[in-house]
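One structure below.
Residue numbering restarts at 1 for every chain, and letters A, B, ... go by the order of the sequence lines.
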Number of protein chains: 2
Amino acid sequence: MPVPSVPLGSEPSVVPPRRRRRKEARPGEILDAALEVFSAKGFSAARPDEIAALAGISKGTLYLYFPSKEELFKAMVRQTVLPNVGEMERWAAAFDGSATEMFQGLLARIARLFSTHRVGRMPKIIISEATAFPELAQFWIGEVVERAFAVMRSILDRGVAAGEFTPVRAEAVIVLFSPMLMLALWNQSIGPAVGRPLDPEMIAAEAARFLLDGIRVREEAR
Amino acid sequence: MPVPSVPLGSEPSVVPPRRRRRKEARPGEILDAALEVFSAKGFSAARPDEIAALAGISKGTLYLYFPSKEELFKAMVRQTVLPNVGEMERWAAAFDGSATEMFQGLLARIARLFSTHRVGRMPKIIISEATAFPELAQFWIGEVVERAFAVMRSILDRGVAAGEFTPVRAEAVIVLFSPMLMLALWNQSIGPAVGRPLDPEMIAAEAARFLLDGIRVREEAR
DNA sequence: CGAATTAATGACTAACCAGTCAGTAAGTTG
DNA sequence: CAACTTACTGACTGGTTAGTCATTAATTCG
């Protein structure tokens with residue numbers, strides 16, 4: 001019996017030979033595995049052998065597609081992050097509503113993205129590795145931070161123009177993002193280690209409330 | 001000339017022999033060097049040889065004082081962090097003023113601490129290593145996060161009691177800390193790699209403004 | 001079907017590194 | 001000053017790992 005028989009009732013697909021040639025599918029699978037392992041262990045502790053095994057290939061094959069561990073790491077960051085930035089920009093460009101609603105919507109969107117998609121793991125990775133890979137940090141600033149800040153600025157400008165918002169200085173925009181970043185960092189490192197995850201929706205809602213109106217009681221009397 | 005002469009005008013201290021016996025001073029010096037190297041490279045990439053060299057001793061001596069790299073790491077975290085938490089608690093207990101002033105004061109204090117003292121490097125280290133050292137994350141939660149949250153809660157309670165603040169749910173307290181944590185993380189990883197440090201005082205002031213009153217314009221009209 | 005092409009493999013190597021320990025010398029005691 | 005104690009050293013070991021390459025086998029083409 002050289003070829004194992006396919007069990008009755010299973011998919012009519014072919015039984016996979018030990019070594020399949022799948023040049024097109026490999027890079028994506030490798031990058032998926034790399035995200036998994038890099039985000040769990042950090043750059044130095046992640047082993048190419050483990051990434052390869054998770055992708056269902058040998059280490060030699062991994063090095064056929066990526067010239068080094070470092071290049072693999074950078075490619076993984078690009079593939080994970082860039083599509084999501086573009087999508088956020090399109091959402092912002094098409095948004096129809098008040099600046100307040102848009103601000104709340106942006107935070108809620110980021111919270112949902114971080115909790116459902118693996119981009120949520122990127123802030124932790126970038127912060128951990130920025131010192132060792134300044135080049136990566138520069139890429140991150142240019143391709144992610146700048147573009148996210150631009151989206152936030154467009155919301156603020158809309159709000160100021162409509163008389164909804166007070167002006168906000170450019171250097172302080174990061175403060176408006178900080179609760180969502182904290183959420184991602186917490187849920188990807190300290191939270192799981194301690195069994196106390198944060199609820200993304202609740203954090204987004206509370207952050208929007210604080211940042212829009214603050215925790216002080218409104219002065220009713222003049 | 002077996003003993004090199006001390007140059008005129010220099011300190012009247014003895015010329016250090018190659019091997020000095022300084023049992024009392026070593027642990028502290030080693031922990032300082034460890035903070036330096038661990039915060040620059042992360043746990044896995046930091047080499048005991050390098051830490052020892054920075055502390056002015058050999059690797060063998062390092063292992064005389066700490067049984068392993070991991071124990072050295074934990075001792076370094078404890079020594080760096082604990083004294084500062086206690087000081088913050090004493091400040092809070094002695095504070096005399098409105099809740100608003102206390103909130104602003106706390107953020108300003110944290111900003112100053114992070115920019116002048118090496119505790120500013122701890123958030124990055126903890127977040128990076130929490131997955132690999134769950135035990136460390138638990139220590140951090142219990143000894144730092146809980147106590148910092150308690151200080152913040154005391155401010156919020158004072159504010160609510162005085163009619164200054166609206167009530168804030170316990171799970172959302174982290175949002176009030178997030179700008180200061182973001183500041184520390186940025187200035188210890190992405191910022192330097194990209195030549196764009198954040199100004200701590202400005203971030204503290206803007207964060208306090210946003211969190212107290214929000215970015216929305218106050219409704220003058222009823 | 002047989003030859004040619006190339007995707008995939010995994011044993012190998014060169015380098016690295018945490019931790020050890022036999023030996024050295026600084027300091028102490030009688 | 002001699003005998004002793006102990007802080008300190010650094011060459012070494014055992015284990016690990018990033019990256020290589022000769023070999024194998026899946027696929028294509030004539």
Rounding to an integer number of Å, can you tell me how far B:L62 CG sits from C:dC21 C1'? 16 Å
Can you tell me if the side-chain N/O atoms of A:T61 get under 4.0 Å from OP1 or OP2 in C:dA7? no
Take the angle between the ring planes of A:F43 and A:F73 and call it parallel below 30°, perpendicular above 60°, tilted in between. perpendicular
Under 4.0 angstrom, heavy atoms only, what part of the nucleic acid is B:A25 near: base, sugar-phosphate, or nothing? nothing
Considering only C:dT9, C:dT20, D:dG10, which nucleotide approaches the side chain of B:S58 most closely? D:dG10
Give A:L64 one of three labels, base, sugar-phosphate or nothing, depending on what nucleic acid heavy atoms sit under 4.0 Å from its own. base
Given the rule in the side chain to side chain donor-acceptor pair (under 3.5 Å) test, do A:T131 and B:K124 qualify, once you have shown the distances and angles that lead to the verdict? CA-CA 11 Å; A:T131 314; B:K124 180 200 162 188; 2.8 Å; yes
Just wondering, are more than 12 heavy atoms of other shown residues or ligands nearer than 6.0 Å to CD in B:E201? no
Using whole Å, report how far OH of A:Y65 lies from C1' of D:dG19. 18 Å
Quick one: is D:dC21 close enough that its OP1 or OP2 comes under 4.0 Å of any side-chain N or O from A:Y63? no
Which is it for A:H117 and A:R112 under the side-chain contact (heavy atoms from CB on, under 4.5 Å) test, yes or no, and what are the steps along the way? CA-CA 8 Å; A:H117 191 280; A:R112 192 161 359 99; over 6 Å; no
Proximal nucleotide (of C:dC17, C:dA7, D:dA18) relative to the A:R21 side chain: C:dA7
Check every atom of D:dA18, C:dA18, C:dA8 against the side chain of A:R26 and return the nucleotide holding the closest atom. C:dA8
Taken to the nearest whole Å, CD/A:E24 to P/C:dA8 is 9 Å
Rounded to whole angstrom units, what separation is found between the CZ atom of A:R20 and the C1' atom of D:dA25? 15 Å
Check every strand shown and say whether B:A53 touches a base, only sugar-phosphate, or nothing at a heavy-atom separation below 4.0 Å. nothing
Can you see which heavy atom on A:F95 is nearest to which on A:R158, and at what distance? O-NH2, 3.5 Å
For C:dG10, take OP1 and OP2 only and decide whether either is under 4.0 Å from a side-chain N or O of A:K59. no
What is the distance, to the nearest angstrom, from the NZ atom on A:K23 to the P atom on D:dA25? 21 Å
Length of the CZ-P vector between A:R47 and D:dT16, whole Å: 9 Å
Atom pair distance, as rounded to whole Å: NZ in B:K41 and P in C:dC16: 13 Å
Separation of D:dT20 atom P from A:D49 atom CG, nearest Å, is 14 Å
